[in-house]
Number of protein chains: 2
Amino acid sequence: MNIGQAARRSGVSAKTIRYYEEIGLIPAAVRTGAGYRDYGEAEIETLRFIQRARSLGFSVKDVGGLLALWRDRSRASADVRRIARDHVLAVEQKIAELEGMRRTLVALIDRCHGDDRPDCPILDGLSDSCCH
Amino acid sequence: MNIGQAARRSGVSAKTIRYYEEIGLIPAAVRTGAGYRDYGEAEIETLRFIQRARSLGFSVKDVGGLLALWRDRSRASADVRRIARDHVLAVEQKIAELEGMRRTLVALIDRCHGDDRPDCPILDGLSDSCCH
DNA sequence: TATGAAGCTTCCGGTCGCTGGAAGGTCAAG
DNA sequence: CTTGACCTTCCAGCGACCGGAAGCTTCATA
């Protein structure tokens, strides 16, 4: 199967598949006589795994770790769990950070009448030491 | 005032101040005889404004827009409000995305016993079409 | 069989918002 | 006069790709 079809079937773009190969996340694909990359079902499975892990926000590096554990039949599920728990903590921290921003922004926006007059509590808030 | 002190007083690192100058977010600083950048209170104010806007998650480009409005005494507060509202929407979207990830991750982690055995619902979940 | 479109290849550069480091000039204290 | 803490410029790299150019290959159609 060509890279284009592999891309369609895995949800990972052809560009990105090449990139993953280049950085060593996936092994170099087998080539056809003409030099085209050739993929089978196993590779599609791997790409799908990667796609799902990425869509859950795991870094490419973490995905590398998960892939290694996925392939290792004698893995300890605790190792997988640790990676996932660390990641969930990072996600929660990011959410908290964004909610802090959101709160401050909404508070500023609520106080701004938002018409053609120049006085603006949003800009005032950014001028004073409003936040943190 | 040297760039180092300006950095300390504004909360923007010296490296970053130079970077902001380079990309045109702030005008080129006045130089001393020796070629050192020289900052006054007005510049510190500007840097603080930038620092706060960045800490609320505005892109550097948006900060440029906000700075222009900040300096424009005949601005319409509606213009500021629009930038802020657009940004808050983007922040909310990002939060929703992260919460979706968090939900899925927590569900997977809860099902994983996390010991030295190899069977692991987290990896299974990443293999199947679990999400989306 | 020719031709043209669609696919593949590599390589290079850009994105965003910085950060680190090398090589060198300047300044104030001891 | 030296030392160390500044400052300067320039270049490279991070993460996770995307876009595009130049040049193959493959396949369907005229």
Side-chain angles (χ1 to χ4, degrees), chain A residues 1-26 28-40 43-44 46-47 49-67 83 86-87 90-91 94 97-98 101, chain B residues 1-26 28-40 43 46-47 49-67 86-87 90-91 94 97-98 101:
Chain A
M1 179 184 344
N2 278 348
I3 199 170
Q5 204 184 340
R8 257 165 271 132
R9 293 200 39 208
S10 66
V12 179
S13 79
K15 275 277 191 199
T16 301
I17 296 174
R18 284 189 208 105
Y19 169 71
Y20 287 162
E21 183 182 314
E22 189 189 321
I23 62 169
L25 181 64
I26 51 177
V30 171
R31 301 293 182 122
T32 66
Y36 282 22
R37 287 174 181 83
D38 191 23
Y39 299 93
E43 283 75 29
I44 302 301
T46 302
L47 287 169
F49 179 97
I50 293 171
Q51 199 279 321
R52 285 186 203 116
R54 291 286 301 129
S55 82
L56 288 177
F58 286 102
S59 70
V60 167
K61 199 182 161 203
D62 276 353
V63 175
L66 290 170
L67 263 180
I83 294 176
D86 285 356
H87 177 51
V91 168
K94 189 76 196 167
E97 197 182 314
L98 288 170
M101 290 179 189
Chain B
M1 183 184 341
N2 278 346
I3 199 170
Q5 205 184 341
R8 255 165 272 134
R9 291 199 43 209
S10 66
V12 179
S13 79
K15 275 279 190 196
T16 301
I17 296 173
R18 284 188 207 105
Y19 169 71
Y20 287 162
E21 184 182 312
E22 190 189 320
I23 62 169
L25 181 64
I26 51 176
V30 173
R31 301 294 182 124
T32 66
Y36 284 21
R37 286 173 181 83
D38 192 22
Y39 299 93
E43 283 76 28
T46 302
L47 287 169
F49 179 97
I50 293 172
Q51 198 279 320
R52 286 187 202 114
R54 291 287 298 131
S55 81
L56 289 177
F58 287 102
S59 70
V60 166
K61 198 180 163 205
D62 275 354
V63 175
L66 290 170
L67 263 180
D86 286 355
H87 178 50
V91 167
K94 189 77 197 165
E97 197 181 315
L98 288 170
M101 290 178 190

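Side chains are part of it too, since the values below use all heavy atoms of this structure and drop only hydrogens, waters and symmetry mates.
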From [options], nucleotide with atom closest to [X] side chain:
{"X": "Arg31(A)", "options": "dA16(D), dT8(D), dT10(C)", "value": "dT10(C)"}
{"X": "Ile3(B)", "options": "dT26(C), dC7(D), dT25(D)", "value": "dC7(D)"}
{"X": "Arg54(A)", "options": "dG17(C), dT8(D), dA16(D)", "value": "dA16(D)"}
{"X": "Tyr36(A)", "options": "dC17(D), dC7(D), dT9(C)", "value": "dT9(C)"}

Could you list by number each residue of residues 9-26 of chain B showing a heavy-atom separation from DNA chain D of less than 4.0 Å, or answer none if no residue does?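 The stretch gives Lys15(B), Arg18(B) as the residues lying under 4.0 Å from the strand, ordered by number.
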Are any of the side-chain heavy atoms of Leu56(B) and Val91(B) separated by less than 4.5 Å?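 SC-SC contact between Leu56(B) and Val91(B) ruled out.
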With a 4.5 Å limit on heavy-atom distance, are the side chains of Tyr19(A) and Leu25(A) in contact?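 When only atoms from C-beta onward are counted, Leu25(A) and Tyr19(A) do not touch, as no gap falls below 4.5 Å.
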Grab the [atom1]-[atom2] distance between [X] and [N] for me, whole Å please.
{"X": "Asp38(B)", "N": "dC7(D)", "atom1": "CG", "atom2": "P", "value": "12 Å"}
{"X": "Lys61(A)", "N": "dC14(D)", "atom1": "NZ", "atom2": "C1'", "value": "13 Å"}
{"X": "Leu47(A)", "N": "dC17(D)", "atom1": "CG", "atom2": "P", "value": "12 Å"}
{"X": "Met1(B)", "N": "dC7(D)", "atom1": "CE", "atom2": "P", "value": "12 Å"}
{"X": "Arg37(B)", "N": "dT26(C)", "atom1": "CZ", "atom2": "C1'", "value": "15 Å"}
{"X": "Gln51(A)", "N": "dA16(D)", "atom1": "CD", "atom2": "C1'", "value": "14 Å"}

Minimum heavy-atom distance Val63(B)-Ala53(B), with the two atoms named: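 The answer is CG2-CB, 3.8 Å.
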If every non-hydrogen atom of Ala7(A) is compared with every non-hydrogen atom of Ala14(A), which pair is closest and at what distance?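 What the structure gives for the nearest pair is CB-N, 3.6 Å.
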Between Glu21(A) and Arg18(A), does at least one N-O distance fall below 4.0 Å, as a salt bridge requires?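 The answer is no: the pair does not qualify as a salt bridge.
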From CA spacing to verdict: side chain to side chain contact (heavy atoms under 4.5 Å, CB included), Glu43(A), Met1(A): CA-CA 10 Å; Glu43(A) 283 75 29; Met1(A) 179 184 344; over 6 Å; no
